[in-house]
There are 2 protein chains.
Amino acid sequence: MTPTDEPERRLSSEERRSQIVVAALAVFGAKGYVGATTDDVARAASVSQPYVVRLFGSKENLFVAACTAALDQLLAGFRAAAEATDDTLEHRLGRAYIDLLETRGLHQTLTHAFLLGAHPVIGPVARDGFAQVWEYLRSLGFTAEQAQGFLAHGMLINTMIGMRLADDYDVDSRVTELFDACFPADKARVLGLAPRVDDAW
Amino acid sequence: MTPTDEPERRLSSEERRSQIVVAALAVFGAKGYVGATTDDVARAASVSQPYVVRLFGSKENLFVAACTAALDQLLAGFRAAAEATDDTLEHRLGRAYIDLLETRGLHQTLTHAFLLGAHPVIGPVARDGFAQVWEYLRSLGFTAEQAQGFLAHGMLINTMIGMRLADDYDVDSRVTELFDACFPADKARVLGLAPRVDDAW
DNA sequence: GTCTATAAGACGATAGAC
DNA sequence: GTCTATCGTCTTATAGAC
């Protein structure tokens with residue numbers, strides 16, 4: 001009988017699903033919902049393209065599943081940070097947000113979803129997900145103004161990550177200044193975690 | 001001889017180009033670079049699809065042209081606001097940014113470009129455009145922290161517009177609160193100008 | 001649970017007429 | 001300056017074998 005860590009063993013449907021969702025986040029994050037193909041995702045997950053479609057029913061479902069997974073991870077990260085006691089609550093949450101860069105494509109997949117508000121299926125998912133984050137921040141005691149400032153900073157981070165601005169750090173002095181202003185504390189960590197232009201998805 | 005305002009007269013190449021760019025901003029803004037087709041743009045501009053390709057050479061060129069036009073309008077709006085004297089400089093620029101919602105799709109086309117940093121052609125265009133805005137703000141006397149806060153707020157606005165969050169205003173109380181926090185002064189104007197879910201592009 | 005083969009459609013781009 | 005017709009490619013999804 002094959003040991004459970006054997007690489008080529010058959011995986012359970014659930015294992016494959018979450019494995020494919022991880023690949024989907026990276027691919028959708030880099031290329032967007034329409035720009036990424038189900039074949040891109042399949043290759044990144046080392047399975048065949050029809051199997052991806054078979055497991056999720058459609059590309060649309062896969063994207064929604066990826067968004068849901070991203071939001072779950074985001075809220076889980078926030079919850080863990082909220083329970084810690086070092087530093088300010090806002091700083092802890094901010095650090096948690098940056099730590100999530102380790103899940104490649106998470107921020108950008110969500111950002112892509114946020115941009116597709118006119119899409120009949122993705123739009124509602126995006127609005128609902130965003131509202132959940134808003135409500136969670138408010139439930140932690142953030143005032144509306146604090147929550148707004150926190151989210152604004154987050155959206156700027158998303159933009160810089162999406163632009164692959166880290167590639168120009170130290171090369172282009174204008175960008176260096178922006179990074180320094182944005183991440184007074186953990187600039188180094190951001191530069192280490194940020195995806196780069198030639199990162200494969 | 002036909003008067004110059006005759007609707008069906010032949011337009012000069014330059015006139016058509018800018019007319020198509022206007023249509024492209026609306027379409028790319030709503031559907032994204034890959035999601036929007038050259039035929040979508042052609043229909044929105046009331047010309048044939050091959051003609052759009054003929055005029056711009058490729059869809060990629062058209063998108064870059066749309067981004068350039070968006071950035072030009074943005075900087076022009078900022079420059080005009082900088083020369084006024086009512087209100088704070090930051091408030092004037094903020095109002096100018098919101099006024100640009102009248103050019104349908106401008107903010108979102110730029111945001112889509114910002115998300116495609118990994119794209120070999122669009123990525124550099126996005127990074128360069130963003131850097132131009134950053135430098136302009138700094139040249140106006142904004143400190144790095146002020147410019148960062150201003151841009152962060154702008155990115156949050158982009159997100160709310162992209163999500164079509166205005167559709168839920170007054171219906172969904174969570175969103176109402178966010179809007180109120182974001183636009184203490186000109187909430188009504190934003191709600192009036194923001195694109196909605198069923199806006200045709 | 002996973003693959004190969006493939007059908008069906010959509011899209012960007014070219015050719016060529018007017 | 002603008003259109004119609006069309007080619008070739010890419011992509012999602014289905015059928016069916018193992």
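All of these numbers come straight from a predicted model, not from anything done at the bench. What you see below is based on every heavy atom in this structure, not just the backbone, and it leaves out hydrogens, waters and symmetry mates. A, B, ... follow the sequence lines: proteins, then strands. Residue 1 opens every chain.
- Counting to the nearest Å, the P atom of C:dA10 and the NZ atom of A:Lys59 are 15 Å from each other.
- A:Ser48 comes within 4.0 angstrom of a base, heavy atoms only.
- Between B:Gln49 and the options B:Thr38, B:Asp40, B:Val41, a side chain to side chain contact (heavy atoms under 4.5 Å, CB included) holds for only B:Thr38.
- A straight line from CG of B:Leu55 to C1' of C:dA13 spans 14 Å, rounded to a whole angstrom.
- If you measure from atom CZ of B:Arg54 to atom C1' of D:dG1, you get 9 Å, rounded to the nearest angstrom.
- For A:Arg43 and C:dT2, the CZ to P distance is 18 Å, given to the nearest whole Å.
- Side-chain rings of B:His107 and B:Tyr97 approach one another, their centers coming within less than 6.0 Å.
- If you check every strand for non-hydrogen atoms under 4.0 Å, B:Ala36 touches sugar and phosphate atoms only.
- Protein atom NZ of A:Lys31 is 11 Å distant from nucleotide atom P of D:dT12, rounded to whole Å.
- Rounded to whole Å, atom P of D:dT11 lies 17 Å from atom CZ of A:Phe63.
- With D:dC3, C:dG1, C:dG12 as the candidates, the nucleotide lying closest to the side chain of B:Thr37 is C:dG12.
- Across C:dC11, D:dA5, D:dG16, the shortest atom-to-atom separation from the side chain of B:Pro50 is found for D:dA5.
- Looking at heavy atoms from C-beta onward, B:Asp180 lies in side-chain contact with B:Tyr169 at the 4.5 angstrom threshold.
- Taking atom CG of residue B:Asp40 and atom P of nucleotide C:dC11, one finds them 7 Å apart after rounding to whole Å.
- For B:Asp39 and A:Tyr51, each mapped to the nucleotide of DNA chain C holding its nearest heavy atom, the one lying further toward the 5' end belongs to A:Tyr51.
- As a whole-Å value, the separation of A:Leu62 CG from D:dT11 P is 15 Å.
- With contacts defined as side-chain heavy-atom distances shorter than 4.5 Å, the pair B:Val133/B:Leu71 qualifies.
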